Amino acid sequence: GCSQDDKDGASGSKDSDEIKIGVNLELSGAVASYGTSEADGIQLAVDEINDDGGIDGKKIKLVKIDNKSDAAEATNAAIKLTTQENVVAIIGAATSGATVAQAQIANDNKTPLISPSGTSPTVTVNEKGEVNEFVFRTSFIDPFQGTVAANFAANDLGVKNVAIFSDNASDYSKGLAASFKEDFEKAGGKVVAEESYVAKDSDFRSTLTRIKSAKPEFIFIPGYYEEVGLIVKQAREMGIDVPLMGADGWDSPTLMDLAGADALNNTFTTNHYSSDDPDGAVKAFNDKFNEEYGKSPDAFNALGYDTVYLLKDAIERAGSVDSTKIKDALAETDGLDLVTGNYSVDENHHPIKSATILEYKDGEQVFNTKVNP
Amino acid sequence: MEWIQQLVNGISLGSIYALIALGYTMVYGIIKLINFAHGEIFMIGAFIGYISISGWGLGFFPALLLSMAVCALLGVLIERIAYKRLRNATRIAALITAIGVSLLIQNGVIYFRGAQPAAYPQVFENKSFNFLGAQISTQAILILSVSVVLMLVLQFIVHKTKIGKAMRAVSYDAEAAKLMGINVDNTISATFAIGSALAGAAGVIFGIYYTKIDPLMGVIPGLKAFVAAVLGGIGIIPGAVAGGLVLGVVETVVSALGFSLWRDAAAFIILILILIFKPSGIFGKNTREKV
Amino acid sequence: MLSVQDLNVYYGSIHALKGVSLEVNEGEIVTLIGANGAGKSTLLKTLSGLLKPKEGSIHYLGNPINGKPAQSIVKMGVSQVPEGRRVFADMTVEENIELGAYLRKDKAEIDKDLKKVYSIFPRLYERRKQTAGTLSGGEQQMLAMGRAIMARPKLLLLDEPSMGLAPLMVKTIFETVKDISEAGTTILLVEQNAHIALSIADRGYVIETGRVILSGTAAELQASEEVKNAYLGGH
Amino acid sequence: MSSEVLLDVQSAGIQFGGLKAVSGFNLKINKGELVGLIGPNGAGKTTSFNLLTGVYVPTEGEIFFDGKKINGLPPFKITRLGMSRTFQNIRLFDELSVLDNVKVAYHTHAKDSVMSSVFRMPSYFKSEHEMETKALEFLKIFELDKYKDETAKNLPYGKQRRLEIARALAANPHLLLLDEPAAGMNPFETKELMDLIAFIRKQFGLTILLIEHDMNLVMGICERIYVLDHGVLLAEGSPEEIRNNPKVIEAYLGEEVV
Amino acid sequence: MKKSKQFWVFAVLAIAIYAAIQFMISGGFLNNFYSNTLIFMGINIMLAVSLHLVIGITGQFSLGHAGFLAVGAYVSAILTMKLDLPFIAAILIAGIAAALAGLVVGIPSLRLRGDYLAIATLGFAEIIRIIFLNIDYVGGAAGMQVTHLTTWTYTFICLFVTILVIVNFTNSRHGRACIAVRENEIAADAMGINTTYYKVLAFAIGSFFAGVAGALYAHNFYIIQPANFGFLKSIDILIYVVLGGLGSLSGAIVATILLTIVSTFLQDFPETRMIIYSLVLIIVMLYRPKGLMGKMEFTDYLKMWMKPKGGSQHEQ
Ligand SMILES: Nc1ncnc2c1ncn2[C@@H]1O[C@H](COP(=O)(O)OP(=O)(O)OP(=O)(O)O)[C@@H](O)[C@H]1O
Ligand SMILES: Nc1ncnc2c1ncn2[C@@H]1O[C@H](COP(=O)(O)OP(=O)(O)OP(=O)(O)O)[C@@H](O)[C@H]1O
Ligand SMILES: [Mg+2]
Ligand SMILES: [Mg+2]
């Protein structure tokens with residue numbers, strides 16, 4: 001990084017009446033569904049802000065790059081955004097791996113990087129335990145939701161023997177499973193079966209058969225709604241009627257369609273927010289999204305949307321588009337109200353957000369409990 | 001009891017693979033083209049079924065037929081536009097075009113509707129009944145029977161009908177086939193039409209059985225169908241079904257033993273072992289080139 | 001019956017036929033002789049519609065057929081036994097023979113012809129369930145002939161039918177050719193074995209590097225010094 | 001005919017499914033002989049070549065070459081022992097140049113290792129040079145040297161046949177097996193080929209076994225002839241004996257023969 | 001000799017290219033983005049050229065190249081990150097490990113032909129990927145973070161060696177033996193060529209350089225994950241080789257450069273990027289079914305150009 005000292009001087013866009021923000025997302029490839037969802041949320045937020053006159057009078061200009069769900073492409077894209085486009089900040093990527101691939105570049109080029117949904121702790125804290133100064137995230141980190149779910153299962157549901165069914169291809173899912181297990185065992189429970197699947201599977205019957213024969217009273221399924229929908233459906237078809245629980249990855253209107261309302265009875269999730277939360281911001285977002293895209297938003301849409309507002313808040317507080325100042329402002333974010341909850345950041349750049357526990361009842365998400373960190 | 005259940009699970013998973021592999025092996029056997037776009041036609045078939053059922057309120061059978069018809073047309077169109085010019089090119093060249101077509105369809109669909117999954121509406125009640133302590137769903141039985149029936153129909157078409165013989169003739173030597181008076185272009189189109197219609201049917205049935213469809217849904221099943229087709233012996237129609245079932249049962253057994261993460265690896269190990277001992281698949285004749 | 005005028009055919013930049021003209025009358029056996037690479041096979045392929053001529057015309061029974069697709073030419077009664085047999089390797093012998101009758105619908109007659117083919121080539125009957133690819137070279141040649149007979153052609157194009165055949169079989173094949181001709185089929189015969197070809201043919205053409213250099217009745221050609229030296233092995 | 005036996009086939013045979021393509025096949029060839037193998041189509045001639053060269057493994061009997069038992073050996077090892085062949089259906093390396101086709105056959109006699117060619121050590125240049133000169137020599141004999149840079153598949157048929165023989169020769173065999181070398185040639189070209197076979201035989205001290213249906217060629221140059229029919233030996237003898245053998249006439253030659 | 005003169009021309013040209021680019025990088029004329037694109041291109045060329053040896057020269061249809069890339073990437077990452085070995089050692093050992101993997105895969109599967117071989121190699125590559133997915137030591141699905149060590153100089157040297165070795169191999173009796181196997185395996189066998197040996201050898205050499213490329217790859221992109229090495233990656237590499245012209249090393253290089261440029265250029269059209277990319281693929285194949293360069297090499301063009309009436313000359 002020896003040619004980076006021109007960063008503040010020659011970057012033409014910084015003095016113009018535009019704020020250039022890079023978007024580095026999985027728009028094609030294996031996890032295109034996450035990336036495209038976030039892109040929709042981001043676009044909605046940016047349109048809103050620009051229609052409102054922008055940030056301090058400056059319009060946001062997005063520079064989108066598709067990283068094809070590939071870490072190498074994500075690196076390349078990040079380099080392009082920082083050195084060619086001289087963006088003020090980068091939003092992305094949707095997965096932890098593709099975010100980690102950019103972390104070093106963000107640090108080297110002093111460009112804030114915010115991942116809407118990179119939940120792995122390693123996104124903001126590298127393997128040596130050092131905080132990636134310029135890297136932030138909008139979502140929870142994995143352990144937090146795992147802890148919440150474990151406590152809920154042990155205390156509120158009062159179950160003793162549980163099974164865990166996680167997605168081995170996703171560090172999100174594995175992270176959640178690990179923290180759930182740790183805290184649930186700490187609470188005196190027993191994990192009677194630990195099974196895994198791999199994202200993009202559609203048939204889970206054989207593993208569910210195994211789980212069923214272990215006779216758990218509760219199954220923790222940290223995963224994304226695409227697979228979870230099928231798992232819940234197939235589990236219920238096979239006569240598994242114990243409570244099931246997951247995390248924010250479940251959140252999508254499609255889950256209801258995939259699993260069916262009946263199958264979803266007696267299932268719980270932790271989430272940032274509840275879309276039927278009477279809270280004005282959430283409702284406004286829902287309506288606006290519906291109007292724009294003709295469907296209800298899912299968690300990725302919301303996280304993408306929130307990431308833009310998180311950045312906007314930081315820029316406003318920094319009072320400048322200077323990257324380092326924005327970074328400092330981001331690190332000081334405190335109590336910002338977002339669609340996905342009230343957001344503060346800790347010293348590891350992990351968000352401090354409250355979690356909501358929701359229950360599905362006859363096709364409706366019903367608020368159950370709110371858990372503060 | 002658990003094992004009977006697992007066997008049932010394996011067979012129902014395998015019949016889905018078999019169903020997709022049938023159309024794959026058909027095109028593959030006749031044109032000798034690894035039609036990478038087969039998985040994408042399968043995906044389009046699933047979406048057409050979805051739109052016609054949830055959008056236009058069609059019933060299962062009309063939706064199935066519509067999807068098969070559209071896919072047949074799409075298959076012929078792809079063949080005419082993208083593969084026909086490459087008849088005399090190397091097979092790998094055609095394979096690359098097929099990959100191009102497959103990417104184009106995937107990303108075209110993503111462009112127009114996004115990459116998010118959609119959920120199939122419930123068309124008929126999925127009842128399960130108990131057999132020796134195992135839960136068997138009516139849909140699983142439906143899929144297995146559809147696969148077997150289609151296999152028989154296809155086998156009949158390819159081996160007993162005139163068009164079938166023309167297809168095989170074209171596959172061995174297109175120029176000599178022309179000298180028999182066979183219209184090679186039409187024969188190949190017919191092959192694509194049938195193969196793609198089968199993919200369309202598989203798409204709808206997959207949608208109903210698994211509920212979830214998305215623009216990338218064709219990738220993995222397409223690959224698995226390819227594996228199943230090779231496992232059974234390239235171009236051999238009963239082989240596709242056998243290959244599909246073997247694949248399904250192996251995957252299930254491995255998961256049932258608690259090695260679900262090694263499931264695909266185990267499937268490939270079985271594949272490789274079979275190929276080592278039977279280099280042209282389960283049903284493949286070990287025909288050596290006559291010297 | 002067949003009239004070819006000034007035919008020019010190219011393979012990419014290779015000019016394989018350079019202004020070939022020839023005539024075949026109904027009922028005749030006409031032979032084409034010429035060294036390797038002279039363009040004989042190219043001519044037959046062009047007649048069958050497998051190759052498109054760049055210039056020139058082909059009239060068959062008074063109709064222009066150049067540029068028509070192969071299958072419609074076959075439909076008009078032109079059948080070819082291609083060079084190198086080109087049997088359908090993975091199909092059985094019987095299926096191969098049946099494919100010869102692909103465009104015919106008269107089931108009863110087809111069966112009759114099938115029996116006829118088997119009586120000409122009993123070896124094919126013995127092997128009828130075997131896949132064609134495993135036949136010996138000569139057996140494949142018989143199969144290719146049998147397949148062409150099944151089409152009941154009006155004009156039969158034969159490309160080196162004696163290649164690789166045992167002497168006895170060569171005799172059989174040429175007798176068959178004569179029989180087919182006597183039954184009313186016109187024949188255009190490409191042959192390396194100029195002795196035999198000229199002995200059964202009515203007329204012949206000599207082709208050299210894409211051009212007709214000589215033509216005449218079979219007797220005339222047999223007597224010609226040029227032919228003797230170049231194609232009959234000098235005696 | 002008292003000289004050393006080069007090839008000794010002792011009741012060899014092979015079965016494909018139910019079909020006995022060749023059985024109880026006995027054949028002995030002495031060093032330096034030129035022997036013909038004839039028989040009706042499908043008699044098993046090519047198949048017996050395939051048995052000799054290791055393409056098929058015999059299901060019965062034994063084959064000795066130069067005193068060594070060779071059944072069961074893979075083709076490339078048999079070739080290295082000094083037996084090479086041509087194919088009934090021409091099998092050239094289509095995309096390679098004429099020269100390279102011959103060089104490939106000389107391959108086994110070159111010494112440079114993979115390392116020496118990758119790092120272009122002197123032995124590489126030496127062996128390339130040797131291969132090139134040798135290959136050109138063979139091409140010259142077959143009058144193919146002016147086509148040396150032509151892609152093999154672009155040669156006319158007759159020249160392809162010659163190239164195949166040149167290539168087989170470049171493998172430096174003691175025993176050369178020719179499967180219908182004159183197929184597709186006109187009588188004039190066949191005559192040339194006969195002279196050529198006679199020439200290379202003398203030049204390289206070869207033993208030759210050839211399959212051919214052209215009786216001019218077979219009767220013209222072979223010293224002894226074996227006749228196969230339905231996979232079994234029908235007769236064996238001098239051209240004269242064979243020509244007059246009623247069994248051979250009935251099964252193969254037909255009445256009025258050359 | 002003529003051949004060695006050619007070598008020196010090649011070497012001088014290569015060093016000139018290297019020096020020019022290195023100068024532009026250190027002089028700041030090429031920013032990070034361009035130099036990174038060049039490195040990426042170099043790695044891709046190594047992958048394409050090494051697969052070219054297997055498919056284009058030896059005619060063995062392998063769909064598992066990404067597996068060897070993965071072996072190289074993971075082995076090198078373990079060596080530098082966990083065992084603190086120097087990068088150079090990691091590169092070499094990565095190549096050797098991949099070559100060994102190539103032997104393990106090649107020996108059983110290279111007896112298969114055509115599509116059966118393709119699916120078997122694809123299977124092996126998937127098995128390799130799944131093995132890494134299940135080893136927690138290398139991070140499982142989350143992958144492994146790797147320090148950035150790859151530079152233009154490393155890339156260039158590795159690329160140079162790759163091309164040199166493969167060109168020299170091809171233009172030797174061993175390379176000709178491989179081509180003979182491609183052209184007609186039965187005839188090659190009959191000419192005394194140990195076809196299995198050469199198939200396995202070509203496969204091992206190809207795997208070696210894929211492994212070296214893997215080492216550069218791992219140390220260029222900060223993180224490696226099993227997901228980066230799926231069968232679609234193998235297909236990407238296959239596309240380079242076929243698009244350039246099966247059997248032409250120059251073609252593989254040209255196609256890789258072009259596709260990398262196209263792909264980079266298309267970053268500005270994120271929504272339609274893959275659509276355009278796939279259209280490019282289809283159209284190129286439709287109009288140049290033999291690939292961009294057919295079987296021609298740069299040197300063939302050079303010869304034709306220097307000897308205008310030289311007709312169809314074929315080297316290699
Ligand atoms: N597919 C092709 N591509 C390029 N050139 C070809 C092709 N087929 C034939 N030729 C060339 O065209 C010329 C005529 O070939 P053709 O096959 O018609 O000869 P022929 O008279 O049938 O010879 P033969 O007696 O060997 O069968 C030859 O020079 C041959 O090399
Ligand atoms: N791989 C095989 N599978 C089954 N049958 C075979 C195989 N190879 C040869 N045959 C059969 O063995 C018999 C002998 O074949 P072969 O090719 O040896 O005959 P040939 O004597 O060379 O005849 P030709 O003179 O016609 O070439 C034939 O009937 C053939 O069908
Ligand atoms: Mg010819
Ligand atoms: Mg033979």
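Protein chains get the first letters and strands the later ones, always in sequence-line order, with residue 1 at the start of each. Bear in mind the structure is a predicted one, so any value in this text is a computation, not a measurement.
Side-chain N/O atoms of B/Ser189 and B/Arg80 include a donor and acceptor closer than 3.5 Å. Judged purely by distance below 3.5 Å, without hydrogens or angles, the side chains of E/Tyr277 and B/Asn107 never pair a donor atom with an acceptor atom. No hydrogens or angles considered: nothing links the side chains of B/Asn35 and B/Tyr28 as a donor-acceptor pair under 3.5 Å. Using a 3.5 Å distance cut-off with no hydrogens or angles, the side chains of B/Ser102 and B/Glu40 do pair a donor with an acceptor.
At a 4.5 Å heavy-atom cutoff, the contact between B/Leu104 and chain E is made by backbone and side-chain atoms alike. Only the side chain of E/Leu281 comes within contact range of chain B, judged by heavy atoms closer than 4.5 Å. In this structure, chain B has heavy atoms under 4.5 Å from both the backbone and the side chain of E/Ile239. Contacts between E/Phe124 and chain B at a heavy-atom distance below 4.5 Å involve backbone atoms as well as side-chain atoms. In this structure, no portion of B/Leu231 lies under 4.5 Å from any heavy atom of chain E. Contact of E/Ile131 with chain B is made through backbone and side chain together, with heavy-atom distances under 4.5 Å. Of the atoms belonging to E/Glu126, it is side-chain heavy atoms, and not backbone ones, that fall under 4.5 Å from chain B. Residue E/Leu112 touches chain B through its side chain alone, counting heavy-atom pairs closer than 4.5 Å. The contact between B/Ile92 and chain E is made by backbone and side chain atoms together, counting heavy-atom distances below 4.5 Å. For B/Leu261, the parts sitting under 4.5 Å from any heavy atom of chain E are the backbone and the side chain alike. Only the side chain of E/Ile55 has a heavy atom closer than 4.5 Å to any heavy atom of chain B. For E/Ile275, the parts lying near chain B are the backbone and the side chain together; criterion is any non-hydrogen pair under 4.5 Å.
Ion pair E/Asp115/B/Arg91 flagged as a salt bridge, since at least one NZ, NE, NH1 or NH2 atom sits closer than 4.0 Å to an Asp/Glu carboxylate oxygen. Ion pair B/Arg85/B/Glu79 not flagged as a salt bridge, since none of the NZ, NE, NH1 or NH2 atoms sits closer than 4.0 Å to an Asp/Glu carboxylate oxygen. A salt bridge links B/Lys224 with B/Asp264: at least one charged nitrogen is closer than 4.0 Å to a carboxylate oxygen.
Classified by interplanar angle (parallel below 30°, tilted 30° to 60°, perpendicular above 60°), the ring pair B/Tyr24/B/Phe226 is parallel.
In this structure, the side chains of E/Phe61 and E/Leu238 come closer than 4.5 Å at one or more pairs of heavy atoms.
Counting heavy-atom pairs under 4.5 Å between each of B/Leu275, B/Leu271, B/Asn88, B/Ile81 and chain E puts B/Leu275 at the top. For the set E/Ala190, E/Ala187, E/Ala120, E/Ser278, the count of heavy-atom pairs under 4.5 angstrom toward chain B peaks at E/Ser278. Comparing B/Leu95, B/Thr97, B/Ile234, B/Leu86 by how many heavy-atom pairs each has under 4.5 Å with chain E, the most go to B/Ile234.
A cation-pi arrangement, defined by a distance under 6.0 Å to the six-membered ring centre and an angle within 45 degrees of its axis, is absent between B/Arg263 and B/Phe268.
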